[in-house]
Amino acid sequence: MEIGIYTLGDLAVDPSTNETIDPNQRMEEVIEAAKLADDLGLDVFGVGEHHRLDFVISTPAVVLSAIARETKNIRLTSATTVLSTTDPVRLYEEFATVDLLSQGRAEMMAGRGAFLEPFELFGYELAAFDGLFKEHMDLFLQLNRREQLDWEGKYRSPLKNAQIAPRAYQKEIPVWIGVGGSVDSAVRAGTFGSGLAMAILSGDPERFIPLAKAYKKAFQEAGHDEKQMRIGVTGHGFIAETSEAAHDIFYPYYKQYKTAAKKRKDPDFELTRELFESWTAPEGALFVGSPEEIADKIVYQHEHFGHDRCLLQLDVGGVPFEHITRSIELLANKVVPMVKERLQ
């Protein structure tokens, strides 16, 4: 089981001070979190892509390049790259550069993204998002395997005897497809032969069991090497020495984050403490609690999905950095040993 963390670099308002973190400070915290995760021996560090003023990271490859030179061992991934609105040639070149800078630690997680801004910003038709995703993924995978190729598609200008440089340090950059609950997307990941990253952010995690099964079936039916089959879980979390401390510290920040997000669709929504507690229960989606509780939840989900990677976002909603660093320390020093011992 690989265990790591990811961040979206959100610029949230601290509910205790009503102040918004400075973007420069936030970026420094992202890099410091990656360095700490690397020093403590976590396996993976990821950064997401957003194109809004309430996030500081819009170009994962640039941020990962900076992190690559400050770390030694930790794998570096996007979480996620909005593939439908990104040119695959440029994307491959960017991640190949990260791979060279990190001496073979780069990965790419592709997804639809949570917001629609990239389509208008970069001149893509929203109605074509599904076709764009399929075509861009197909081309990226070809670029990943071949340094020179001919190619023609529907949405992009053709390539003729194109040289794709630089080449990655690894033979191929590992690719994942992030899904939020769609069985069709899980099947697509299996058909392409990529990893499957399931974003379990709310509700009952058991509803993702059909996705894991559909992915495995599609992967096998497409004839891919089953040794390359990968399933990951990503989720929101926070860890403190005790369950009570974790809940008390995290709840005000998560309440602010989740209430704001939900109100875009439901103006009357409010994340009550009672609802929050139900989400953090052993069968809930949130990884919030003591190290023992987090280890229990990772193992519990592993029994259902058989996954081999778990990534937690520990900085949701503007949690102060001193709490985030302590959470990272507990994840690495307490949770990881318990999980690995129990999954031996």
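Residues take their numbers from the sequence shown, with the count starting at 1. Atom set for the values below is all heavy atoms of this structure, side chains included, hydrogens, waters and symmetry mates excluded.
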The reported gap from CD in Q301 to SG in C310 (rounded to nearest 0.5 angstrom) is 6.5 Å

Are D315 and R26 close enough for a salt bridge, meaning some N to O gap below 4.0 Å? yes

Indicate yes or no: does R52 engage E117 in a salt bridge with an N to O separation below 4.0 Å. yes

Ring-plane angle category for F55 and H50, please: parallel below 30°, perpendicular beyond 60°, tilted otherwise. parallel

Measure the NE2-CZ distance between H302 and R309 for me, rounded to the nearest 0.5 Å. 14.0 Å

Salt bridge D38-R105, side-chain N to carboxylate O under 4.0 Å: no

D268 and K262 ion-paired at < 4.0 Å: no

Does N18 have more than 12 heavy atoms from other residues, nucleotides or ligands lying within 6.0 Å of its CG? no

Do the ring planes of Y257 and Y254 sit parallel (below 30°), tilted (30 to 60°) or perpendicular (above 60°)? tilted

Side-chain heavy atoms of S278 within contact of L275, under 4.5 Å: yes

Which distance, rounded to the nearest 0.5 Å, do you find between the CD1 of I5 and the CG of L40? 9.0 Å

Do V316 and I294 share a hydrophobic cluster, counting only Ile, Leu, Val, Met, Phe, Trp and Tyr and linking them when any side-chain heavy atoms are less than 4.5 Å apart? yes

Given 3.5 Å as the limit, does a donor-acceptor pair link the side chain of T59 with the main chain of A61, or not? no

Under 3.5 Å, is there a donor-acceptor pair linking the side chains of D14 and S16? yes

Quick one: closest heavy-atom pair of G9 and V30, and the distance? CA-CG2, 4.5 Å

L201 to K258 - nearest heavy-atom pair and separation: O-NZ, 4.0 Å

Heavy-atom side-chain contact between R156 and V89 under 4.5 Å: yes

Look at the side-chain heavy atoms of Ile, Leu, Val, Met, Phe, Trp and Tyr, link any pair under 4.5 Å apart, and say whether M229 and V187 land in one connected group. yes

Ion pair E2/R230, N-O distance below 4.0 Å: yes

Do I177 and V82 belong to the same hydrophobic cluster, where Ile, Leu, Val, Met, Phe, Trp and Tyr are linked whenever their side-chain heavy atoms lie under 4.5 Å apart, directly or via other members? no

CZ on F287 to CG on L331, rounded to 0.5 Å: 10.5 Å

Where do E341 and V336 land on the side-chain contact (heavy atoms from CB on, under 4.5 Å) test, with the steps shown first? CA-CA 8 Å; E341 180 180 2; V336 169; over 6 Å; no

Can I67 and L76 be said to form a side-chain contact (heavy atoms from CB on, under 4.5 Å), step by step? CA-CA 8 Å; I67 292 171; L76 306 174; 3.8 Å; yes

On the ring face of F133, is R112 found with NZ or CZ under 6.0 Å from the centre and within 45° of the axis? no

Before we go on, tell me: are the rings of Y300 and H304 under 6.0 Å apart, centre to centre? yes

With distance as the sole test, does T80 use its side chain to make a donor-acceptor pair with the main-chain N or O of G178 at under 3.5 Å? no

Would you indicate whether the side-chain heavy atoms of K35 and E32 approach each other to under 4.5 Å? yes

For the residue pair V47 and S78, establish whether any side-chain heavy-atom pair is separated by less than 4.5 Å. no

Quick check: closest heavy atoms across P166 and A96, and the distance to 0.1 Å? O-CB, 3.3 Å

T259 and E270 side chains, donor-acceptor separation under 3.5 Å: no

Hey, is CD on Q148 packed in by over 12 heavy atoms from elsewhere, all under 6.0 Å? yes

Aromatic plane relationship, F250 with F276 - under 30° parallel, 30 to 60° tilted, over 60° perpendicular: tilted

Consider only side-chain heavy atoms of I, L, V, M, F, W and Y, link residues closer than 4.5 Å, and tell whether M198 and M137 are in one cluster. yes

If we ignore hydrogens and angles and just use 3.5 Å, is the side chain of N144 paired with the main-chain N or O of E172 as donor and acceptor? no

Shortest non-hydrogen contact from Y124 toward D87: OH-N, 4.1 Å

Output yes when a side-chain donor or acceptor of H136 lies under 3.5 Å from a complementary backbone atom of L83, and no otherwise. yes

Checking L159 against L139 for the side-chain contact (heavy atoms from CB on, under 4.5 Å) test, could you report, in this order, the C-alpha distance in whole Å, the side-chain angles of both residues, the deciding distance, and whether it holds? CA-CA 10 Å; L159 301 172; L139 177 53; 4.1 Å; yes

For F208, is there any backbone N or O sitting under 3.5 Å from a side-chain donor or acceptor partner on K213? no

Which atom pair, heavy atoms only, marks the closest approach of Y6 to T234? CE2-CB, 3.9 Å

Members besides Y169 in its Ile/Leu/Val/Met/Phe/Trp/Tyr cluster (side-chain heavy atoms under 4.5 Å): L100

Say whether H247 and E277, considering side chains only, have a donor N or O and an acceptor N or O under 3.5 Å apart. yes

Tell me if a side-chain donor or acceptor on Y92 pairs with a main-chain N or O of A165 at a distance below 3.5 Å. no

If I compare all heavy atoms of S290 with all of E241, which pair ends up nearest, and what's the gap? CB-O, 3.9 Å

Inter-residue atom distance I164.CD1 - R145.CZ, 0.5 Å rounding: 13.0 Å

Look only at the side chain of S327 and the backbone of I324, and say whether a donor-acceptor pair between them is shorter than 3.5 Å. no

Going by heavy atoms in the side chains, are D138 and F192 under 4.5 Å from each other? yes

Taking the side chain as every heavy atom from C-beta outward, state whether V335 and I239 have any atom pair closer than 4.5 Å. yes

Side chains of T77 and M108: does their closest heavy-atom pair fall under 4.5 Å? no

Look at the side-chain heavy atoms of Ile, Leu, Val, Met, Phe, Trp and Tyr, link any pair under 4.5 Å apart, and say whether I74 and I173 land in one connected group. yes

No-hydrogen, no-angle side-chain donor-acceptor test under 3.5 Å, Q220 and Y215: no

Over 12 foreign heavy atoms within 6.0 Å of CD, E292: yes

Could you verify whether a donor N or O on one side chain and an acceptor N or O on the other, from E28 and N24, lie under 3.5 Å apart? no

Under 3.5 Å, is there a donor-acceptor pair between the side chain of H236 and the main chain of L312? no

In this structure, OG1 of T20 is separated from CD of Q25 (nearest 0.5 Å) by 11.5 Å

With a 3.5 Å distance limit and no angle check, can you tell me whether D99 reaches the backbone of A106 through a side-chain donor-acceptor pair? yes

Tell me if the NZ atom of K334 is crowded by more than 12 foreign heavy atoms within 6.0 Å. no

Any donor-acceptor pair under 3.5 Å from E135 side chain to G153 backbone: no

Do W176 and E107 touch side chain to side chain, with heavy atoms closer than 4.5 Å? yes

Show the numbers, then the answer: is there a side-chain contact (heavy atoms from CB on, under 4.5 Å) between K216 and I231? CA-CA 9 Å; K216 293 176 182 178; I231 298 178; 3.5 Å; yes

